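Atoms within a ligand are numbered from 1 in the order they appear, just like the ligands themselves. Keep in mind the model is a prediction, meaning the values are calculated, not measured.
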Amino acid sequence: MKIKWWKESVFYQIYPKSFYDSNDDGVGDLNGIYQKLDYLTWLGVDVLYLSPIYCSPNDDNGYDISNYHDISPEFGNISDFERLLDAAHEKNLKVILDIAINHTSDEHPWFVASRSSKNHPLRDYYIWRSPKNGEEPNNWASYFSPSAWAFDETTKEYYLHLYSKKQPDLNWENPQVRTDLYAILNFWIEKGVDGFRLDVINAIAKIPGLLDACGKKNLQGKVLNENLIYNHPKVHDYLREMATALKNREEIVLIGETINITVQDAIAYTGPERYELDMVFQFELRDMHYGENGKWDQLPHTPHKIKDIISHWQTNLLNKGWQGLFLGNHDTPRMVSCWGEPKNHWYASATLLATLLFTLQGSSFIYQGDEIGMTNVQFESIDDYQDLDTHFFYTQSLLNQVDLQQIMTSIWRVSRDNARTPMQWSDDLHAGFSTIKPWISVNPNYIDIHVKAQENNPNSILSFYKKVIHIRKKHPVFIEGSFEPIDTKDELFLFMRKDAKQSVAVLLNPTPHTLKFPDFLEQFTQKKCLVHNLAHIHTHKARKTVAPYEAFVYLCK
Ligand code: NOJ
Ligand code: CA
């Protein structure tokens, strides 16, 4: 059977606002992406995944959509989009769109109508509840504000918003809502897009009765319990219905952003016989950092835990479902800052992480800028941060009387703006992203870290990405081969990928220490070494030790 295109593809996530500004207004745009298509084909990626580009008041940078059928003027217009799509297709690049359909903007005409009166025909497009004993309908907290309920003066009722107050949740129980949403997806499919990344798609069905949540209370006594928010059985019914309603379903890809899922859930969402999604993003690696205060705690990770989680998913999803592999996106810290060691081992750790990303089973996703090793940023003042989530954390922490230095330290480590600073194209002013001051400041390290410095350097992170992408494509074993972890009894991560024709061994040292070269691998070191991130420093032959963040891939058969 022919392998589905999206299994073999390398995806590249673009955060349009921060990618490239073509008209010098400080905001990245569609024509900017158009101008960089040659860079993307040169790199060897197959699919562009665009974070939301629709009209939006930008409370949450486009994840609050006020018109699903048009492009946000800051990004261009529909002709710019068509031109980009055609040009991408001509270059054999597919394009998928990120779309948020769990909620809309409060400025979407549906919500404006819905809130206008209890009797409006669109009232039931959202989740309205009357006060319970004069209070909010339940004790749910929202991600971006203390409570998940907002009181609306006009009709004296509350509406539900799991995210910001400007992102009211749609009522998926209403069949008309679903039909309208599927029509929106079809509008873009007819335009020629190759699929979607569906934002928080496993939150679309709410728990019957909207029961109170148990768990840690925030300052206002509200609780955010992800077990209560995600994965209700009806999500599966809706997804199956969606799949039958979509045009060209066999050709497009549907990717679910699915928070709080187990391998079993992933199988239920993506098993081929289920006819729901094609692949999911799962967050178990990321969640390893979460403590009592969620992501802001940033508990340490250990190589053993990383190995266990990856091995668990790789082994149990095999032949049953499919995932998108990522180590960073627009919501997370920068990959090399989070999982690597940018201070002393910037090149080695960034390339080790790339080796992991391209040798596991799943579709590989690069987040813009990770291919040049962009890092977290440390803005001095909270005023330099744009992300509503960061501001919410800041104000809550001040209310909680947390020390300012401690608050800023958390923000430097985890703020979503770490991933949203402009793409670093050159050492020109504003990193060559724009000629005027961008909507968010550039990371001052653009002077050293930028595309121009790396594209002609054979030993750069960028050249390494290009090389590994090429290797992955040349060897089908990386796509559907089995995964076998080999226990080295230490912090090394060693695994084999095997299919009927080939087998490869991947050895990674995800630590800043020198470790012993595993006996098991010695038999292969005379064979072909497909990938070695420190090849310009060390030989891959007859090794006794493995250097910090060193990575090898040997072709064993
Ligand atoms: C997940 C998106 O990735 C994130 O950026 C957004 O804030 C929330 N969903 C709400 O749409
Ligand atoms: Ca612009």
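- Between the Ca ion (ligand 2) and Asn31 there is no N/O/S contact shorter than 3.0 Å.
- With no hydrogens or angles considered, a side-chain donor-acceptor pair links Asn61 and Tyr15 at under 3.5 Å.
- Listed by number with element, the atoms of ligand 1 under 4.0 Å from a non-hydrogen atom of Val200 are 9 (N).
- Annotation: the span from Asn260 atom CG to Asp287 atom CG amounts to 7.0 Å, rounded to 0.5 Å.
- Residues Asp124 and Gln176 form no side-chain contact, since every pair of their non-hydrogen atoms from C-beta on lies 4.5 Å or further apart.
- For Phe144, every heavy-atom contact with ligand 1 shorter than 4.0 Å involves the side chain, none the backbone.
- Between Arg416 and Asp60 there is a salt bridge, since a side-chain N of the basic residue sits under 4.0 Å from a carboxylate O of the acidic one.
- For a distance bound of 3.0 Å, the N, O or S atoms of Asp24 include none lying that close to the Ca ion (ligand 2).
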Checklist entry - Run the salt bridge (charged side-chain N to carboxylate O under 4.0 Å, His left out) check on Lys295 and Asp331 step by step: do they pass? => result CA-CA 11 Å; Lys295 69 176 185 182; Asp331 291 331; over 6 Å; no

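- Near Glu257, meaning under 4.0 Å from one of its heavy atoms, ligand 1 places the atoms 1 (C), 3 (O), 9 (N).
- Annotation: Lys216, atom NZ; neighbour count of heavy atoms from other residues, nucleotides and ligands within 6.0 Å is above 12.
- Between the Ca ion (ligand 2) and the N, O or S atoms of Asp25, the shortest distance is to OD1.
- At a cut-off of 3.5 Å, with distance as the only test, a side-chain donor of Thr262 or Asp265 sits close to an acceptor on the other residue.
- Summary: OD2 is the N/O/S atom of Asp29 found nearest to the Ca ion (ligand 2).
- Polar contact with ligand 1: present for His103 (N/O pair, distance under 3.5 Å).
- Atom CZ of residue Phe283 and atom NE2 of residue His289 lie 14.5 Å apart, to the nearest 0.5 angstrom.
- Remark: ligand 1 atoms within the under-4.0 Å shell around heavy atoms of Arg416 are 4 (C), 5 (O), 6 (C), 7 (O).
- For Tyr34, the OH atom sits in a loose shell: 12 or fewer heavy atoms of surrounding residues, nucleotides or ligands are nearer than 6.0 Å.
- The Ca ion (ligand 2) has Val27 among its coordinating residues (N/O/S atom, backbone or side chain, under 3.0 Å).
- Remark: of the listed residues Asn445, Val442, Asn376, Val377, Val377 is the sole one forming a side chain to side chain contact (heavy atoms under 4.5 Å, CB included) with Thr421.
- Of the candidates Asn102, Asp60, Thr332, Asp60 brings a heavy atom nearest to atom 10 (C) of ligand 1.
- When the options Asp199, Asp59, Asp389 are ranked by their closest heavy atom to atom 9 (N) of ligand 1, first place goes to Asp199.
- Taking a cut-off of under 4.0 Å to the non-hydrogen atoms of Tyr163, the atoms of ligand 1 that pass are 10 (C).
- Ranking the protein heavy atoms by distance from atom 3 (O) of ligand 1 puts Asp331 OD2, 2.5 Å first.
- Closest to the Ca ion (ligand 2) among the N, O or S atoms of Asp21 is OD1.
- Residue contact annotation: Glu74 places no N/O/S atom under 3.0 Å from the Ca ion (ligand 2).
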